[in-house]
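Down below is the structure, laid out as C-alpha cells.
So you know, we letter chains A, B, ... as the sequences are listed, proteins then strands, and number each from 1. We use all heavy atoms of the structure for the numbers below, so side chains are in, but hydrogens, waters and symmetry mates are not.
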Number of protein chains: 2
Amino acid sequence: MSRITQGKRVSKGNTSVVASLRKLISEGRYPPGDRIAELHVAEHLGVSRTPVRLAFRTLEQEGLLQRAGKRGYRVREFTETDVLCALEVRGVLEGLAARRLAEQGLTEEVEVHLAQCIEDGRELLAKGYLDKDDVTRWSEINETFHTTIVESTGSLVIADAIGRNNHLPFASADSIIIDTDALDREYRKLYFAQMQHQTVFQALRLGESARAEMLMREHAYIGMRYGELLDLDPNGASTG
Amino acid sequence: MSRITQGKRVSKGNTSVVASLRKLISEGRYPPGDRIAELHVAEHLGVSRTPVRLAFRTLEQEGLLQRAGKRGYRVREFTETDVLCALEVRGVLEGLAARRLAEQGLTEEVEVHLAQCIEDGRELLAKGYLDKDDVTRWSEINETFHTTIVESTGSLVIADAIGRNNHLPFASADSIIIDTDALDREYRKLYFAQMQHQTVFQALRLGESARAEMLMREHAYIGMRYGELLDLDPNGASTG
DNA sequence: TTTGTCGTTATTGGATCCAAAGTTAAGTTC
DNA sequence: GAACTTAACTTTGGATCCAATAACGACAAA
C-alpha cells in the first residue's frame, strides 16, 4: 500500500470510531462472546489500528468489551439479569439526582424547562392516539426531561455516572412500529410515562425529596419493562 | 535517540501507565484544572506517546480527565459537592448490591466469607485500641467485605458501575497516623464501621432486603464523613 | 494604541513499523 | 498413533513518523 494516503482526514475521528463500533456491536455484527480483533475492525471501518485501539479502551471502560484473558478483547455478553441490574443502576442514580434536585430547589430556569417537557408531553398525547412520528417526538421530550434533571444537580458526577452506564443494550427497544395495535399499546405506555413525569415534577417543585427519589427510581426502572405490566386503557374502553 | 531501544518491554504496560497517571494526579503533580500534554507525561514516565494516549482515554472515561475544548485534556477539578455526590453514588450503588444480595439469598460460600470478615474485624478491635499496622489490616478487611457483597450479586453490572466510580479523590484519606490521639479516634471510627458491617450482615442473612439496602447505603456514604460526627467512646470514658 | 492578519510553534490524531508473546500447525520421535 | 518439539503465523503493545489544526505571537495597518 502506498504511503500517500497516510494523512487523509476523510476518515472519521476517534469518537466516530467508538460510535460506529458501538453500533456494529449492538447490531449483532461482532456478536457477544466473540473475540474482536483490532485489525479486522480497522479494515472494516477503513481506518488504521490506532483509533480502533483507542476506541477499544473506551468501550472496555464502558463495559461493552472485556479483556479476553491476557490477549485481546471480546464482546461482552449480557444476561437478562445484567439488563435488569443495569435498569436498577440507572434507577437508583436518577433517583439520587432527583432527590438532590428536590433538596436544593428548582431554579427558575430548570422549572421552566421541565414544565415545557410536561406541556409538550401533554400536547403530544392530547389527541388520544399516536401517529408514527410521535414516538420519535416523545423520545426527544423524554430525553430532555431526564437529562435536565440529571444535569441540574450542581455536580456532574451523577450525570457522568449515569452516562457511563448508558451503554447497555436496552436502547435497542426502539423498534419500528407499524400496525395500529402496537401504536395503541405504545400510546398507553407513553401515557403512563407522562403521568410519572408529572408526579416527579410535582415532587420536585414541592421539594418532596424522598418522594421525588422514589418516583424517579421507579420510573427509570420500569420504563423498559412496561411490556410485562397489565395494561388498561386510559381513555375508556376503546379497545375491545 | 537511537532506535535500538524501541522494543524494550522493560517499560511498564499500559495498565501501569494508567495507574501511574492516576497516582501522579492524586499526588498533585498535574494539578486539577491544568492542561495535561501527552508528550510531557510520556517523557515523565519514560514511555512513548501511544500508551499515554490509551491511558488518557481510560482516564477520561473514568472522569479523572476531561476534554479541554476541542484539543487536549485537562485534569478534572472536583468540588466539595462533587465529592459528596460521588459518595452518594457509591452509597446508592452499594445499597442496590446489598438489596439484590439479600433478595437472592446468601450462598453458603458468601455467608462464610462475610462471616470471616466480621470475625476478623471483631478480633482486630477486641483489644480495645489500635496499633499502627491495624489500620492497614482494617482496610483489607473492609475492602473484602464490600467487594464480596458487590461481586456476589449474580451480575457484574453493578460491580462495574461501582468500579467505574471509584476514581474520585476520596481514597487519599489514608494518611499516616502517628500520634496516639489520632489512633484513638481512628479506633472509634472503625468500631462504628464494624458495627455497621454487622448490621448489614444481619440484614443480609435474614433476607431483610430493604433494611440491607438502607444500611449499606448509609454505611458507604458516611464512611468518609465520620470526622464530621460527634464522637463518643465505645469503651467507656478513657479519653478525658 | 488597538486590531486584524499572517506565519510560526506546539500538540494532537492517524498510519506505519518493530518486537514480543500467543497460537496454530507441521514434523519428528517414541 | 500419540505426544512432544519447533517453526511459521497471528495479533497485540509500544515507538516513531507524518499531516492537520489549534494556540501563540509578531507584524502591519487603521
Side-chain angles (χ1 to χ4, degrees), chain A residues 1-22 24-25 29-31 33-62 64-76, chain B residues 1-22 24-25 29-31 33-62 64-76:
Chain A
M1 192 181 296
S2 90
R3 279 176 94 176
I4 304 173
T5 59
Q6 202 182 36
K8 62 165 179 178
R9 266 294 162 82
V10 196
S11 59
K12 307 146 185 178
N14 171 49
T15 42
S16 301
V17 172
V18 172
S20 305
L21 245 177
R22 230 190 255 120
L24 285 174
I25 289 172
R29 321 217 12 155
Y30 304 114
D34 275 24
R35 285 268 298 267
I36 185 167
E38 291 175 5
L39 190 60
H40 189 261
V41 176
E43 284 173 356
H44 193 304
L45 266 62
V47 295
S48 83
R49 276 177 52 217
T50 306
V52 175
R53 286 170 64 185
L54 293 171
F56 275 20
R57 288 309 188 291
T58 299
L59 293 174
E60 178 196 12
Q61 209 63 18
E62 275 187 7
L64 253 180
L65 298 182
Q66 55 186 177
R67 283 228 153 76
K70 294 197 171 191
R71 197 165 189 74
Y73 289 90
R74 45 171 218 268
V75 180
R76 176 156 174 190
Chain B
M1 191 181 296
S2 90
R3 280 179 91 177
I4 303 175
T5 59
Q6 200 182 39
K8 62 166 179 179
R9 269 293 164 81
V10 194
S11 60
K12 306 145 184 179
N14 171 49
T15 43
S16 301
V17 172
V18 173
S20 305
L21 244 178
R22 230 190 256 120
L24 285 175
I25 290 173
R29 325 223 6 167
Y30 304 114
D34 275 22
R35 285 269 297 267
I36 186 168
E38 292 175 2
L39 191 60
H40 189 261
V41 176
E43 283 172 356
H44 192 305
L45 267 60
V47 295
S48 83
R49 275 178 52 217
T50 307
V52 175
R53 287 170 65 186
L54 294 170
F56 275 19
R57 289 310 185 292
T58 299
L59 293 175
E60 179 197 11
Q61 209 63 17
E62 275 187 7
L64 252 180
L65 299 182
Q66 57 186 176
R67 283 226 152 78
K70 293 197 171 190
R71 197 167 189 77
Y73 290 91
R74 50 170 213 266
V75 180
R76 177 157 174 188

**OP:** Starting from C1' on C:dG14, measure out to CG on A:L45 and report it in whole angstrom.
**Re:** 14 Å

**OP:** For the pair A:V17 and A:T58, evaluate side-chain contact (heavy atoms from CB on, under 4.5 Å) and give the outcome as yes or no after the intermediate values.
**Re:** CA-CA 10 Å; A:V17 172; A:T58 299; over 6 Å; no

Subject >> Nearest-angstrom distance from the residue atom CD of B:E43 to P of D:dG14 >> reply: 18 Å

Original post:
Side-chain N or O of A:S48 less than 4.0 angstrom from OP1 or OP2 on C:dA15?
Top reply: yes

Original post:
Which one, C:dA15, C:dG14, C:dC17, comes nearest to the side chain of A:V47?
Top reply: C:dA15

**OP:** When you get a sec, tell me which of C:dT16, C:dG13, D:dG14 is the closest nucleotide to the side chain of A:T50?
**Re:** C:dT16

**OP:** Output all residues satisfying side-chain contact (heavy atoms from CB on, under 4.5 Å) with B:R76, sequence neighbours left out; order by chain, then residue number.
**Re:** A:L156, A:V157, A:D160, B:Q66, B:F78

Original post:
Taking CZ from B:R49 and P from C:dG14, how many angstroms apart are they, rounded to a whole number?
Top reply: 11 Å

**OP:** Find the distance A:L65:CG to D:dT12:C1' and express it as a whole number of Å.
**Re:** 15 Å

Original post:
Where is the tightest heavy-atom contact between A:R53 and B:T50, given as atom of each residue plus distance?
Top reply: NH2-CG2, 3.9 Å

Original post:
Which residues satisfy the side-chain contact (heavy atoms from CB on, under 4.5 Å) test with A:A42, sequence neighbours excluded?
Top reply: A:R49, A:V52

Original post:
Checking only heavy atoms, does the side chain of A:R53 share a donor-acceptor pair with the base of D:dG14 at less than 3.5 Å?
Top reply: yes

Original post:
Can you tell which of D:dT12, D:dA15, C:dA15 lies closest to the side chain of B:P51?
Top reply: D:dA15

Subject >> Length of the line joining B:E38:CD and D:dT16:P, which is rounded to integer Å >> reply: 15 Å

**OP:** Would you mind reading off the distance between B:R35 atom CZ and C:dT12 atom P, rounded to a whole angstrom?
**Re:** 7 Å

Original post:
C:dG13 C1' sits how many Å from B:R67 CZ, rounded?
Top reply: 10 Å

Original post:
Between C:dG14 atom C1' and A:L54 atom CG, what is the distance in whole Å?
Top reply: 9 Å

